[in-house]
Amino acid sequence: MPVHTTYKLSNGLDIPSIALGTWMSAPGEVEKAVKHAIESGYKHIDCAWGYGNEAEVGEGIKASGVPRDQIWITSKLFELHHKPEHVELAVRDSLKKLGTDYLDMYLLHYPVAWKTVCPDGVLPQKEHTPMVDGRLVIDIPLSEDFLSTWAAMEKLVEKGLVRSIGVSNFNIYKLKKLIAAAKIKPVANQIELSIQNPQFEFVDWLKRNQILPQAFSPLGGLAGQHLRQHPVVLEIGKKYGVHGAVVLVSWLLQRGIQPLPKSVFENEIEANIKPVDLTKEEVERLSDLARSFPSKRVVNPSSEYEPFYDVYQEDHPEFSDTAQLLLEKGTA
């Protein structure tokens with residue numbers, strides 16, 4: 001598969017098919033990683049206000065010397081900023097840090113709103129959220145009322161501050177609710193997708209509804225090492241002369257998923273943007289491997305909230321993806 005392939009979003013825009021992820025990097029690492037990624041051929045950088053490194057991302061983009069209109073920048077609305085009056089303040093803060101006057105895509109990072117205590121007209125910071133026994137206090141009514149947050153995000157498109165809007169960590173139930181009320185349909189849903197958490201049926205649902213599946217933690221994190229080093233993955237990698245990570249990035253691409261591999265190491269950054277063209281049989285072998293192990297998430301913050309808040313609703317009798325898919329099939 002060529003390096004500079006793109007996916008067509010439902011709003012007609014072409015988004016570069018592989019992005020550099022910038023989550024959870026030490027201070028000082030991201031600027032260099034972003035610069036090297038762009039110099040290596042990346043055309044898409046995925047970042048977020050919540051990562052705390054947008055200024056570094058902006059410096060890396062600037063240092064690359066590549067014109068802004070040749071780079072796709074995605075950022076995300078943080079859980080502190082769900083109140084409609086905070087949405088534009090938040091995106092303008094991201095724009096300032098990134099050194100640009102628009103975003104190509106802006107995602108609602110989580111369907112969870114943190115409770116904030118701060119003066120009117122001030123953009124909430126992390127210290128504005130109260131804690132109870134080490135857990136973040138959340139605003140449940142605002143978490144459930146993501147439609148008002150989305151309406152404020154739609155206004156960002158109308159003002160030319162962002163070109164596309166989407167979501168992250170939304171399940172089918174929440175997406176149905178959003179789509180039914182939205183003036184602007186979400187173009188993407190950034191979720192955890194990897195060989196250890198493949199979510200086959202959810203991916204198919206997103207594609208049927210013209211929502212691009214984006215994959216964070218596409219290599220499965222440390223817990224997925226046993227699958228990255230599985231004999232099937234290594235055998236395919238040996239055939240093409242690549243590491244297992246490249247095989248798994250290629251597998252996601254050929255399932256119609258946009259991978260967001262994160263690295264600050266130059267050799268990994270360079271390798272991850274050089275996918276291989278797997279055969280149909282190899283794609284199916286990897287899918288069978290994924291099905292042969294119980295799915296396991298790297299990220300699930302549900303227990304970090306006060307009160308406990310089930311972000312993904314995987315076991316809910318009505319709101320889980322399984323229940324929603326059965327409902328659509330008429331077998332619930």
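- Across all non-hydrogen atoms, the minimal contact from T6 to P16 is CG2-CA, 4.1 Å.
- Contacts of D145 classified as side chain to side chain donor-acceptor pair (under 3.5 Å), with partners at least two apart in sequence or in another chain: S148.
- Note on residues 177-211: no pairs pass ring pair (Phe, Tyr, Trp, His ring centres under 6.0 Å), not counting sequence neighbours.
- Side-chain contact check for T74 and H44: at least one donor-acceptor pair (N or O, by modelled atom type) lies under 3.5 Å.
- Contact of the P198 side chain with the R255 side chain is registered, since non-hydrogen atoms from C-beta on lie closer than 4.5 Å.
- Applying the ring pair (Phe, Tyr, Trp, His ring centres under 6.0 Å) criterion to H36, with sequence neighbours excluded, gives no partner residue.
- Within the structure, every pair that satisfies the salt bridge (charged side-chain N to carboxylate O under 4.0 Å, His left out) test and touches residues 156-176, not counting sequence neighbours, is listed here: E88-K159, D104-R163, E158-K183, K176-E328.
- Counting heavy atoms from C-beta outward, V311 and P301 have side chains that approach closer than 4.5 Å.
- Cluster partners of Y102: none. The rule joins Ile, Leu, Val, Met, Phe, Trp and Tyr whenever side-chain heavy atoms lie under 4.5 Å apart, and it links nothing here.
- Between I273 and I18, the shortest heavy-atom distance links the atoms CA-CD1, 4.1 Å.
- The local environment of NE2 in H243 is sparse, with at most 12 non-hydrogen atoms from other residues, nucleotides or ligands closer than 6.0 Å.
- Within the structure, ring pair (Phe, Tyr, Trp, His ring centres under 6.0 Å) contacts touching residues 168-188 (residues at least two apart or in different chains) are F146-F170, Y173-F319.
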Problem set entry | Audit row: Q199, I257, side chain to side chain contact (heavy atoms under 4.5 Å, CB included) steps and yes/no | CA-CA 11 Å; Q199 303 197 71; I257 295 165; over 6 Å; no
Compile the donor-acceptor pairs under 3.5 Å between side chains in residues 22-30 and protein atoms, sequence neighbours left out, one pair per line.
unit_1, atom_1, unit_2, atom_2, d
T22, OG1, D46, O, 2.8
E29, OE1, A26, N, 3.1

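- Of the candidates L278, V247, V246, L278 is the only one forming a side-chain contact (heavy atoms from CB on, under 4.5 Å) with Y240.
- Residues V233 and W251 have side chains not in contact (no heavy-atom distance under 4.5 Å, counting atoms from C-beta outward).
- Once rounded to the nearest 0.5 Å, the distance linking OH of Y106 with OG of S94 reads 5.0 Å.
- Residues V187 and L212 have side chains not in contact (no heavy-atom distance under 4.5 Å, counting atoms from C-beta outward).
- No side-chain heavy atom of V87 sits under 4.5 Å from any side-chain heavy atom of V91.
- Taking Ile, Leu, Val, Met, Phe, Trp and Tyr as hydrophobic and joining them when side-chain heavy atoms fall under 4.5 Å apart, one finds V122 isolated, its cluster having no other members.
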Problem set entry | Chi angles and distances behind the salt bridge (Lys or Arg N to Asp or Glu O under 4.0 Å) call for E284, R291 | CA-CA 10 Å; E284 193 53 41; R291 294 185 183 99; 3.2 Å; yes
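- Between L107 atom CG and N169 atom CG the span is 10.0 Å, to the nearest 0.5 Å.
- Under a hydrophobic clustering in which Ile, Leu, Val, Met, Phe, Trp and Tyr are joined whenever their side-chain heavy atoms come within less than 4.5 Å, directly or via other members, M131 and L142 fall into different clusters.
- Judged purely by distance below 3.5 Å, without hydrogens or angles, the side chains of T5 and S17 pair a donor atom with an acceptor atom.
- There is no side-chain donor-acceptor pair under 3.5 Å between S10 and Q210.
- Residue pairs satisfying the ring pair (Phe, Tyr, Trp, His ring centres under 6.0 Å) criterion with at least one member in residues 266-298, sequence neighbours excluded, are listed as follows: H226-F293.
- Put simply, V137 and Y309 are part of two different groups of oily side chains (I, L, V, M, F, W, Y) that touch within less than 4.5 Å, one to the next.
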What pairs of donor and acceptor atoms, side-chain ones from residues 111-121 against any protein atom, are under 3.5 angstrom apart with sequence neighbours left out?
none

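- At a cut-off of 3.5 Å, with distance as the only test, no side-chain donor of E192 or Y312 sits close to an acceptor on the other residue.
- By the 4.5 Å heavy-atom criterion applied to side chains, F78 and P124 are not counted as neighbours.
- At a threshold of 4.5 Å between non-hydrogen side-chain atoms, the residues Q254 and D277 count as touching.
- L248 is not listed as a side-chain neighbour of L252, based on a closest heavy-atom distance of 4.5 Å or more.
- For H81, the ring pair (Phe, Tyr, Trp, His ring centres under 6.0 Å) partners at least two apart in sequence or on another chain are W49.
- For the salt bridge (charged side-chain N to carboxylate O under 4.0 Å, His left out) test, no residue two or more places apart in sequence or in another chain qualifies with D204.
- Checked against the 6.0 Å centroid criterion, the rings of H109 and Y51 qualify as a close aromatic pair.
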